[in-house]
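Right, one structure below, let's go through it.
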Amino acid sequence: MYAIVEIAGQQFKVSKDQKVYVHRLQANEGEKVAFGKVLLIDNNGAITVGAPAIDGASVEAKVVKHVKGDKVLVFKKKRRKGYKVKNGHRQCFTELTIESIVASGASVAPKAKAEKAPAKAEKPAAKADDLKKIEGIGPKAAEALTAAGVDTFAKLSKKTAEEIKTILTNASSTLAHLEPQTWAAQAKLAAEGKWEELKKWQDELNGGIEK
C-alpha cells in the first residue's frame, strides 16, 4: 500500500516505515504529525484518486530529527567588472518516518474503473481530389480552392462561376484573370467518373474556356 501525499508544498510517494526528508517542519523531534492532503492511495491494486484530496484520508508520521543538507556554493561573476561573490547555503530538512496510511472515509474504487474509456474512432475525412485534372486549374488555383474548403470534385461541382471567381480573387490577385465558367460542369463529370466524356470535352476547351 502506498500514497501520494503533499507535505510542506512537495508531493511524495510514501509507504509504511519509509523515511522521508521534507522541508523543515515546525514540530519537535519525537512528535507525531499527520498530513491530510492525500492525493492518491493504492491499496493492493485498488486505486482512489482525490479531487484534489481524498476526504478522510491522512498520512501519519513521526519526526525523527531536523538536519541540514549538503552545502551548495553559489558563485557570481561579472566579466571585466571585477565583481566576484561566493556564497554557501545549506537547506534545512526534517526527517520523517511514515507510521501509517489512513484511508477511512475514502471510497476505494477498483483500478479498472479509474481508467478512461477508450476514445471513439473518428470517421476518416473524405480524401481530397486532384483538382488539377480540371481543364484551366493549375497548382496555384487548386491550392486556393483547397484552402477555401473546396477540395473535391463534388464540392467544386456545386459552386457557381461567380463563387469560384471570388475564391480565386480573395486568394491572390494573380488568379483573378482565370475564367472558371466550365469548372463546375467539368467537376460534375469527374465526380460521376465520366472520364472519357470529360476528356473529349476538354479537347474542345481552351484553358477551360469554350472556344
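If you're wondering where the values come from, they're calculated on a predicted model, not measured in any experiment. Throughout, numbering of the chain's residues begins at 1 and tracks the sequence.
Here CD of Glu60 is found 3.5 Å from OG of Ser100. Values are rounded to the nearest 0.5 Å. Distance check: Ile137 CD1 to Leu156 CG gives 5.0 Å after rounding to the nearest 0.5 Å. We find the NZ-OG1 distance between Lys16 and Thr97 to be 10.5 Å, quoted to the nearest 0.5 Å. One finds the OG1 atom of Thr160 at 11.0 Å from the CD atom of Gln181 (value rounded to the nearest 0.5 Å). Distance check, rounded to the nearest 0.5 Å: CD of Glu135 to CG of Asp203 gives 8.5 Å.
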From CA spacing to verdict: side-chain contact (heavy atoms from CB on, under 4.5 Å), Val20, Ile98
CA-CA 8 Å; Val20 182; Ile98 305 301; 4.1 Å; yes
Assess the residue pair Phe75 and Leu73 against the criterion (side-chain contact (heavy atoms from CB on, under 4.5 Å)); give the C-alpha distance rounded to whole Å, side-chain angles, the decisive distance to 0.1 Å, and a yes or no.
CA-CA 6 Å; Phe75 181 73; Leu73 294 179; over 6 Å; no
Checking side-chain contact (heavy atoms from CB on, under 4.5 Å) for the pair Leu131/Thr146: CA distance, chi angles, key distance, verdict?
CA-CA 9 Å; Leu131 299 181; Thr146 301; 4.2 Å; yes
Pair Trp201-Thr182, side-chain contact (heavy atoms from CB on, under 4.5 Å): steps then yes or no:
CA-CA 10 Å; Trp201 185 25; Thr182 65; 4.0 Å; yes
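Although no hydrogens or angles enter the test, the distance criterion places no donor-acceptor pair under 3.5 Å between the side chain of His23 and the main chain of Gln91. Arg90 places a side-chain N or O within donor-acceptor distance of the main-chain N or O of Gly69, the cut-off being under 3.5 Å. With hydrogens and angles disregarded, no donor-acceptor distance shorter than 3.5 Å links the side chain of Lys133 to the backbone of Ala187. Distance alone, capped at 3.5 Å, is enough to place a donor-acceptor pair between the Ser172 side chain and the Thr174 backbone. Gln10 places no side-chain N or O within donor-acceptor distance of the main-chain N or O of Ile7, the cut-off being under 3.5 Å. Within the 3.5 Å criterion, the main-chain N or O of Lys76 finds no donor-acceptor partner in the side chain of Lys86. Looking only at distances, no side-chain donor or acceptor of Asn43 sits under 3.5 Å from a matching main-chain atom of Ala46. No donor-acceptor pair under 3.5 Å is formed between the side chain of Glu197 and the backbone N or O of Lys194. Ser157 places a side-chain N or O within 3.5 Å of a backbone atom of Ala154 that can act as its donor or acceptor partner. Here the side chain of Thr94 pairs a donor or acceptor atom with the backbone of Leu25 at under 3.5 angstrom.
With side-chain heavy atoms closer than 4.5 Å counting as contact, directly or through intermediates, the hydrophobic cluster containing Tyr83 also holds Val85.
Heavy-atom neighbours of Lys159 NZ from other residues, nucleotides or ligands within 6.0 Å: at or below the threshold of 12.
Nearest heavy-atom pair across Ala190 and Ile134 is CB-CD1, 4.4 Å. Residues Ala3 and Val38 share a closest heavy-atom pair of CB-CG1, 4.1 Å. For the residue pair Gly136 and Trp183, the shortest heavy atom distance occurs at O-CZ2, 3.3 Å. Scanning both residues, Leu40 and Asp42, for their nearest heavy atoms gives CD2-N, 4.1 Å. The two residues Thr48 and Ile54 have their closest heavy-atom pair at O-CD1, 3.5 Å. Taking every heavy atom of both residues into account, Glu192 and Lys188 meet most closely at OE2-NZ, 2.6 Å.
Taking the side chain as every heavy atom from C-beta outward, Leu39 and Val49 never approach each other to under 4.5 Å. In this structure, the side chains of Ser15 and Met1 stay at 4.5 Å or more apart for every pair of heavy atoms. Looking at Glu99 and Lys32, their side chains come closer than 4.5 Å, going by heavy atoms from C-beta outward. Proximity of Leu96 to Val22: side-chain heavy atoms (C-beta onward) are separated by under 4.5 Å at one or more points. Taking the side chain as every heavy atom from C-beta outward, Leu175 and Thr169 never approach each other to under 4.5 Å. With a 4.5 Å cut-off on side-chain heavy atoms, Asp151 and Asp129 do not count as touching.
Salt bridge status for Glu204 with Lys200: absent, with no side-chain N to carboxylate O gap under 4.0 Å. With respect to the salt-bridge test (charged N to carboxylate O, under 4.0 angstrom), the residues Lys62 and Glu31 do not qualify. Looking at Lys19 and Glu95, a side-chain N of the basic residue comes within less than 4.0 Å of a carboxylate O on the acidic one, giving a salt bridge.
Residues passing the ring-ring contact (aromatic ring centres under 6.0 Å, His included) test with Trp195, sequence neighbours excluded: Phe153.
With hydrogens and angles left out, the side-chain atoms of Gln202 and Gln186 include a donor and acceptor closer than 3.5 Å.
A cation-pi contact, defined as under 6.0 Å to the ring centre and within 45° of the axis, links Lys13 to Tyr2.
Placement of Ile101 and Val33 within a single hydrophobic cluster is found when ILVMFWY residues are connected by side-chain heavy-atom separations under 4.5 Å, directly or transitively. If you chain together hydrophobic residues whose side chains sit under 4.5 Å apart, Phe12 and Val63 fall into the same group.
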